[in-house]
Visitor: 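Okay, here's the structure, questions in a sec.
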Protein chains: 2
Amino acid sequence: MSDSQKFPVAAHALAYLAHKHAFSPDRAVASAELAASMPTNPVVVRRVTAMLGKAGLIGARAGANGGAWLLKPPEAITLDVVLRAVNGCAHLGVAPPGVKGCPVGEKIPDAVRAAITAADTAAADRLAQISVADLLASPGCPAVA
Amino acid sequence: MSDSQKFPVAAHALAYLAHKHAFSPDRAVASAELAASMPTNPVVVRRVTAMLGKAGLIGARAGANGGAWLLKPPEAITLDVVLRAVNGCAHLGVAPPGVKGCPVGEKIPDAVRAAITAADTAAADRLAQISVADLLASPGCPAVA
DNA sequence: AGGAACTGAAACTGTTCCAATTACATAATG
DNA sequence: CATTATGTAATTGGAACAGTTTCAGTTCCT
């Protein structure tokens, strides 16, 4: 992990569903339509929506007139939850294990790891202040400015 | 970019130099010694130290008894500067370009990009509160806790 | 002067990760 | 029952990266 596009795709898909008012199965949006608005491949979208579904953010139904819809109001879906749903994180790399026996080589990696975790947490905290509804309210939205 | 180990390697190297009190050319530490404490390859270390050198954080001298040393006190080197020096960033992915002509497909990517940038900035701000000196002062250091 | 130690840079290799594609089983609609 | 769509698996091609090797240039020591 992780130069992945999962998070942007997930955020875009959720915002698109919100814009289409897909709040119930009868307003489901097919993965092909979501993919067309990125643009990307329908299978890529389904890989992401499957994860969002497991996280309880969206529902999906197979078959004719099927597709995905939101299970929560857009204001209630914050982007840190989306990031965790797709297993993403603000990856700055993984601290090397260090050398056993060397007091410096052992303790520094722990400190570096802690610093990376702190940065990761700060990014998640910032994303927690932004909801899917905010993404639609651009431009000039104070929450994403 | 960027599942890179550059940032952890850079942070480890700087902390190691600080621990060795390598503050002048006559106390230079060879890339082989730095690499041995990670552990990793000397060339990998040199690729990173070259970037740190261009950023003005360290000096390096070739030849016998050569190596790298710090140009600034450890307390004056914050980790956000280190991250920028190695061209790293808290990458959450790149927002897809969107589809022209579709008002939704065009505006959502901008909003997603803005959200990613906000998270990136928050991570950098957090790293700015941690110095190389803090990495050595572990454990229980409030700046990295 | 000559040898040893070291950086810096380039080229190459093997691995890993990812987007995209293809294919197929399953499920729901009409 | 045909159509539409999800979900999953396998495969392909490309990009990024760590590690290695090699070489030229630099500096120290004897």
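Predicted model only: the values in this text are computed from it and were never measured. Below, chain A is the first sequence line, B the second, and so on; all start at residue 1.
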Visitor: Nearest whole angstrom, please: distance from the P of D:dA18 to the CZ of B:Phe7.
Guide: 14 Å
Visitor: I want to check one thing: is the phosphate of C:dA20, taken as OP1 and OP2, less than 4.0 Å away from some side-chain N or O of A:Thr40?
Guide: yes
Visitor: Do A:Phe23 and A:Leu135 sit in one hydrophobic cluster, given that two such residues count as connected whenever their side-chain heavy atoms are within less than 4.5 Å of each other, even indirectly?
Guide: yes
Visitor: Please tell me whether A:Leu17 and A:Val44 are part of a single hydrophobic cluster in this structure, the criterion being side-chain heavy atoms less than 4.5 Å apart.
Guide: no
Visitor: Write out a two-atom table: protein N or O, nucleotide N or O from nucleotides 7-14 of chain D, distance below 3.5 Å.
Guide:
unit_1 : atom_1 : unit_2  : atom_2 : d
D:dG7  : N7     : A:Arg46 : NE     : 3.1

Visitor: Please name all residues satisfying side-chain contact (heavy atoms from CB on, under 4.5 Å) with B:Arg46, sequence neighbours left out, ordered by chain then number.
Guide: B:Ser31, B:Pro42, B:Val43, B:Thr49
Visitor: Looking at D:dA5, D:dG19, C:dA19, which one has an atom nearest to any side-chain atom of B:Val44?
Guide: D:dG19
Visitor: So, using salt bridge (Lys or Arg N to Asp or Glu O under 4.0 Å) as the criterion, who are the partners of B:Arg27 when residues are at least two apart?
Guide: none
Visitor: Please list, chain by chain and in numerical order, all residues satisfying side-chain contact (heavy atoms from CB on, under 4.5 Å) with A:Arg61, sequence neighbours excluded.
Guide: A:Pro25, A:Trp69
Visitor: Name the closest nucleotide to the B:Asn41 side chain, picking from D:dT20, C:dT21, D:dT6.
Guide: D:dT20
Visitor: Separation of A:Asn87 atom CG from C:dC17 atom P, in whole Å?
Guide: 14 Å
Visitor: According to the interplanar angle, ranging from 0 to 90°, do the rings of B:Tyr16 and B:His12 count as parallel (below 30°), tilted (30 to 60°) or perpendicular (above 60°)?
Guide: parallel
Visitor: Would you mind reading off the distance between B:Leu52 atom CG and C:dT7 atom C1', rounded to a whole angstrom?
Guide: 15 Å
Visitor: Show the numbers, then the answer: is there a salt bridge (charged side-chain N to carboxylate O under 4.0 Å, His left out) between A:Arg113 and A:Asp110?
Guide: CA-CA 5 Å; A:Arg113 256 187 293 271; A:Asp110 289 342; 2.9 Å; yes
Visitor: How do B:Gly67 and A:Ala64 order along DNA chain C: which one's closest nucleotide is nearer the 5' end?
Guide: B:Gly67
Visitor: For B:Lys6 and D:dG19, give me the distance from atom NZ to atom C1', rounded to whole Å.
Guide: 13 Å
Visitor: Compare side-chain N and O positions of A:Asn65 against OP1 and OP2 of C:dA28 and report whether any pair is under 4.0 Å apart.
Guide: no
Visitor: Taking A:Ser131's backbone N and O only, do any of them form a donor-acceptor pair with A:Asp134's side chain (distance below 3.5 Å, no angle check)?
Guide: yes
Visitor: Report the distance from atom CE of B:Met51 to atom P of C:dA9, rounded to the nearest whole Å.
Guide: 11 Å
Visitor: Tell me the interatomic distance from A:Gln5, atom CD, to D:dA15, atom P, rounded to whole angstroms.
Guide: 14 Å
Visitor: In chain order, what residues pass the side-chain contact (heavy atoms from CB on, under 4.5 Å) check against B:Ala18, with sequence neighbours excluded?
Guide: B:Leu70, B:Pro74, B:Val132, B:Leu136
Visitor: C:dA5 P sits how many Å from B:Leu34 CG, rounded?
Guide: 18 Å
Visitor: Between the axis at one end of the helix from C:dA1-D:dT30 to C:dG30-D:dC1 and the axis at the other (five pairs apiece), what's the angle to 10 degrees?
Guide: 10°
